[in-house]
Amino acid sequence: MGKDTIADIITYIRNADMNKKEVIQITLTNITENTVKILLREGFVENVRKHRENDKYFLILTLRYRRNRKGSYKSFLNLKRISAPGLRIYYNYKRIPRILGGMGIVILSTSRGIMTDREARLGRIGGEVLCYIW
């Protein structure tokens, strides 16, 4: 894992999704745990569990796939990193973008923790836009 944990999570999930891997392992930090909880709650990830190995903690994610009529699996997870360590992007609650007219989610880092765009609008708080997921 590098210095940008959100970008690492997104890269791990995107690469596993492209290679049709069902299970991936991510190093456990507070940011990764809260972000993965949002993905689980919103239905982008099927299952999450904690795993301990040699005094290191990991999150084991089970990705979700759609099955077409022909029997092939199609991924439906698109992720895009917005704010980066070199360029932070902040929005107040009125300017938080809607992804696909509300079908996707925006994950924000606010003063009350990491949350989705809907929760931030309801709480009337803005913050740093971490990523878009649709």
Listed by chain and number, what are the salt bridge (charged side-chain N to carboxylate O under 4.0 Å, His left out) partners of R14, not counting sequence neighbours?
none
Should T35 and T32 be marked as a side chain to side chain donor-acceptor pair (under 3.5 Å) after you check the CA-CA gap, both sets of side-chain angles, and the distance that decides it?
CA-CA 5 Å; T35 305; T32 58; over 6 Å; no
Report yes or no: do I31 and I24 belong to one cluster of Ile/Leu/Val/Met/Phe/Trp/Tyr joined by side chain heavy-atom distances under 4.5 Å?
yes
Can you name the salt bridge (charged side-chain N to carboxylate O under 4.0 Å, His left out) partners of K50, sequence neighbours left out?
E33
If you measure from CD1 on I107 to SG on C131, what distance do you get to the nearest 0.5 Å?
4.0 Å
Check R81 with D4, please: is the shortest side-chain N to carboxylate O separation under 4.0 Å?
yes
Inspect the contact between R64 and E22 and indicate whether a charged nitrogen and a carboxylate oxygen are less than 4.0 angstrom apart.
no
When you group the ILVMFWY residues by side-chain heavy-atom contacts below 4.5 Å and let the links chain together, are F58 and L61 in the same group?
no
Show your working on side-chain contact (heavy atoms from CB on, under 4.5 Å) between L108 and L130 and close with a plain yes or no.
CA-CA 5 Å; L108 295 130; L130 298 177; 6.0 Å; no
In this structure, would L87 and V106 fall into the same cluster of hydrophobic residues linked by side-chain contacts under 4.5 Å?
yes
Taking side chain to side chain donor-acceptor pair (under 3.5 Å) as the definition, give me every residue that meets it alongside R52, ordered by chain and number, with sequence neighbours left out.
D55
By salt bridge (charged side-chain N to carboxylate O under 4.0 Å, His left out), which residues pair with R118, not counting sequence neighbours?
E42
Taking the side chain as C-beta and beyond, is there a heavy-atom pair between I82 and Y132 under 4.5 Å?
yes
Return the minimal non-hydrogen interatomic distance between V45 and V48, and the atom names on each side.
CG1-CG2, 3.9 Å
Run the numbers on I9 and I26 for side-chain contact (heavy atoms from CB on, under 4.5 Å), then give the verdict.
CA-CA 7 Å; I9 294 170; I26 297 175; 4.2 Å; yes
side-chain contact (heavy atoms from CB on, under 4.5 Å) for D8 and T27? Distances and angles first, verdict last.
CA-CA 10 Å; D8 290 340; T27 305; over 6 Å; no
Which residues satisfy the side-chain contact (heavy atoms from CB on, under 4.5 Å) test with V23, sequence neighbours excluded?
I60, T62
Between N34 (side chain) and N30 (backbone), is there a donor-acceptor pair under 3.5 Å?
yes
Kindly compute the distance separating CG (L59) from OG1 (T29), expressed to the nearest 0.5 Å.
8.0 Å
Would you check if T116 and R41 make a side-chain contact, meaning some heavy-atom pair closer than 4.5 Å?
yes
Could you give the side-chain donor-acceptor pairs of residues 88-100 under 3.5 Å, partners two or more places apart or in another chain?
unit_1	atom_1	unit_2	atom_2	d
R88	NH1	E128	OE2	2.9
N92	OD1	K94	N	3.3
N92	OD1	R95	N	3.1
Y93	OH	R124	NH1	2.8

Ignoring hydrogens, what is the shortest heavy-atom contact between D117 and G104? Give both atom names and the distance.
OD2-O, 4.4 Å
Would you call F44 and I105 a side-chain contact if the rule is heavy atoms closer than 4.5 Å?
yes
Side chain to side chain donor-acceptor pair (under 3.5 Å) against E46, all qualifying residues, sequence neighbours excluded
none
Using links of under 4.5 Å between side-chain heavy atoms of ILVMFWY residues, direct or through other members, which residues join M115 in one cluster?
I125
What pairs of residues pass the salt bridge (charged side-chain N to carboxylate O under 4.0 Å, His left out) test when at least one of them lies in residues 103-116, not counting sequence neighbours?
none
So N78 and I133, side-chain contact (heavy atoms from CB on, under 4.5 Å) or not? Walk me through it.
CA-CA 6 Å; N78 294 309; I133 301 171; over 6 Å; no
